[in-house]
2 protein chains.
Amino acid sequence: MQATHERNEQSTEQVRVLVVDDEPNIVDVISMALRFEGFSVDSAGSGADAIASVAASKPQVMVLDVMLPDIDGFEVARRLAGARAGVPILFLTARDGTEDIVRGLTLGGDDYMTKPFSLEELVARIRTILRRSGLTEPESSQLVFADLALDEDTREVSRGARPIELTATEFRLLRYLMANPRRVLTRAQLLDHVWQYDFGGDARVLETYISYLRKKIDVEAPALIHTVRGVGYSLRLPRG
Amino acid sequence: MQATHERNEQSTEQVRVLVVDDEPNIVDVISMALRFEGFSVDSAGSGADAIASVAASKPQVMVLDVMLPDIDGFEVARRLAGARAGVPILFLTARDGTEDIVRGLTLGGDDYMTKPFSLEELVARIRTILRRSGLTEPESSQLVFADLALDEDTREVSRGARPIELTATEFRLLRYLMANPRRVLTRAQLLDHVWQYDFGGDARVLETYISYLRKKIDVEAPALIHTVRGVGYSLRLPRG
DNA sequence: CGCCAGGCTGTGAGTTGTCTGAGAGCTTCC
DNA sequence: GGAAGCTCTCAGACAACTCACAGCCTGGCG
């Protein structure tokens with residue numbers, strides 16, 4: 001669903017991302033999301049393809065599934081170690097034992113996420129990786145709207161002087177809202193971006209979380225989170 | 001269904017849309033509406049046709065019903081996934097369980113609408129999809145007439161400096177009027193575009209909503225909404 | 001000038017959409 | 001292995017919206 005191009009003016013050149021996963025659906029979902037965020041995306045379905053592709057297209061960052069039919073992700077990374085000369089990797093891993101192994105590998109500029117994840121999170125992590133490795137203008141990791149501020153690196157959130165503690169889901173939701181200020185985001189957009197891509201549950205969670213956020217953010221201050229009945233929600237200043 | 005060509009100067013080329021639905025009536029209604037909006041429309045009545053048609057006519061956006069007699073819409077999308085290389089899809093789905101399933105698929109540039117819908121909404125969504133995916137000049141999401149402004153992304157409406165709150169139906173009605181400034185829109189056109197295509201109720205709702213809009217827009221300022229007795233309504237400046 | 005069809009608008013009922021509290025199941029952390 | 005925290009489900013209360021209806025108003029025409 002429509003992501004925004006707000007922050008995507010990659011100065012002159014598009015950043016090239018290589019997405020490696022053997023499930024075509026996953027590749028599709030990720031590629032689409034990243035293209036809409038302004039990245040240039042290539043993909044590969046196996047370890048061998050991945051290695052070939054790195055040589056050919058010289059991506060600036062890779063999204064690499066650990067479970068691949070031929071050479072596993074770790075091995076791909078190892079083989080590229082010499083060649084990749086600092087191409088950072090975002091590993092994808094199932095929620096199981098491999099998690100721990102990956103953690104050990106994500107030293108340099110690397111990072112990892114467990115499947116399933118939300119697109120919001122994926123995009124945010126890629127941005128962080130790029131920022132860290134100096135491959136893009138170091139945009140600030142701060143999102144600010146009115147007196148509300150959110151830092152993507154430190155995960156600190158505050159309204160005015162008051163610090164606010166958010167849970168993981170609340171954070172993703174607020175980050176997505178703040179990345180698209182004033183725009184009315186539909187229920188479907190919010191569910192697609194903020195929840196895991198395989199979320200099939202009750203769409204009413206969204207309302208629950210909006211309610212949580214309001215209790216933390218919109219108390220004792222002008223409300224910033226607004227309901228647009230029949231459509232979705234929007235972050236804006238009260239009009240008037 | 002007669003809509004306008006006002007905003008449709010697709011610089012040089014027409015945008016090609018493929019409409020896929022097994023109900024000929026629906027295909028007809030949608031095709032008419034889109035042609036009048038300046039799109040070039042092809043249609044297909046089954047999943048197999050759709051796939052063939054994509055290969056043949058290379059549409060830039062698809063309107064795809066999920067319930068098809070042979071291959072369902074999801075499967076069509078999946079089979080096209082490799083080949084379509086980012087052809088965004090607007091899924092049509094009944095208001096039932098499938099809604100949730102579609103949501104998961106509407107990542108990238110896709111979107112969905114539940115049947116029945118209004119043509120006004122359909123056209124607006126296709127425009128949004130095209131704008132987001134960079135397939136047309138990113139026209140502004142702002143509609144302006146005299147001192148009246150309407151933003152499709154933020155859904156904010158204002159007259160001069162004064163912000164105006166509209167309900168969903170009021171918004172669709174005003175958007176349609178503003179997309180066709182000065183033109184006299186007939187009662188039938190308004191009902192067809194702004195209300196769901198299967199609306200069978202009392203045509204007098206229209207007057208009710210015109211009345212609502214006037215109260216919100218045409219108070220304390222020159223009236224912009226004008227009645228053309230026996231025909232319909234028109235958005236224009238008072239003559240003088 | 002009076003009549004009538006067409007248009008306007010206030011009232012209200014039914015429907016639909018949203019909010020929020022309570023709690024069940026999970027995970028994580030000690 | 002227990003406690004705490006988080007995510008998600010559910011249901012009831014509430015609010016907003018849509019539409020129907022009916023009576024009044026208005027403009028056009030004889």
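Naming: A, B, ... by sequence-line order, numbering from 1 per chain.
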Short side-chain N/O contact from B:K215 to OP1 or OP2 of C:dG10, under 4.0 Å: yes

List the residues meeting side chain to side chain donor-acceptor pair (under 3.5 Å) with A:T227, not counting sequence neighbours, and say none if there are none. A:R214

Within residues 195-206 of chain B, the residues having a heavy atom closer than 4.0 Å to DNA chain C are none

How would you list, by chain and number, every residue that makes a salt bridge (charged side-chain N to carboxylate O under 4.0 Å, His left out) with A:D153, sequence neighbours excluded? A:R131

Can you tell whether the side chains of A:R127 and A:E152 come within less than 4.0 Å, N to carboxylate O? no

Set of salt bridge (charged side-chain N to carboxylate O under 4.0 Å, His left out) partners for B:R155, sequence neighbours left out: none

Would you please classify the geometry between the A:Y212 ring and the A:Y209 ring as parallel, tilted or perpendicular, with 30° and 60° separating the classes? perpendicular

Which residues satisfy the side chain to side chain contact (heavy atoms under 4.5 Å, CB included) test with B:T114, sequence neighbours excluded? B:T93, B:R95, B:E99, B:Y112

The criterion is salt bridge (charged side-chain N to carboxylate O under 4.0 Å, His left out); which residues satisfy it with B:D22, sequence neighbours excluded? none

By nearest-nucleotide position on DNA chain C, the 5'-leaning member of B:E207 and B:Y212 is B:E207

Considering residues at least two apart in sequence or located in another chain, which fulfil the side chain to side chain contact (heavy atoms under 4.5 Å, CB included) criterion with B:R187? B:L206, B:E207, B:Y233

Among B:E121, B:E120, B:H193, which residue satisfies the side chain to side chain donor-acceptor pair (under 3.5 Å) criterion with B:Y176? B:H193

Counting the atoms with a prime plus P, OP1 and OP2 as sugar-phosphate, which does B:T169 contact under 4.0 Å by heavy atoms, base, sugar-phosphate, or nothing? sugar-phosphate

To check you understand the geometry: which heavy-atom pair defines the closest contact between B:S158 and B:P163, and what is its length? CB-CA, 4.0 Å

Please round to 10 degrees the angle between the axis of the first five pairs and the axis of the last five pairs in the helix from C:dC1-D:dG30 to C:dC30-D:dG1. 30°

Quick check on contacts: within residues 216-229 of chain B, what sits under 4.0 Å from DNA chain D by heavy-atom distance? B:R229

Which pairs pass salt bridge (charged side-chain N to carboxylate O under 4.0 Å, His left out) with one or both residues in residues 142-151 of chain B, sequence neighbours excluded? B:D147-B:R159

What are the bounds, 5' to 3', of the part of DNA chain D that sits under 4.0 Å from heavy atoms of chain A? D:dC6 to D:dC17

Report the residues that fulfil ring pair (Phe, Tyr, Trp, His ring centres under 6.0 Å) with A:F117, sequence neighbours left out, ordered by chain and then residue number. A:Y197

Output the rounded distance in Å from CD1 (A:I210) to C1' (C:dT18). 11 Å

Phosphate-side-chain proximity, A:Y209 and C:dC19, N/O vs OP1/OP2 below 4.0 Å: no

Decide, yes or no, whether a salt bridge links A:D21 with A:K115 under the criterion of side-chain N to carboxylate O below 4.0 Å. yes

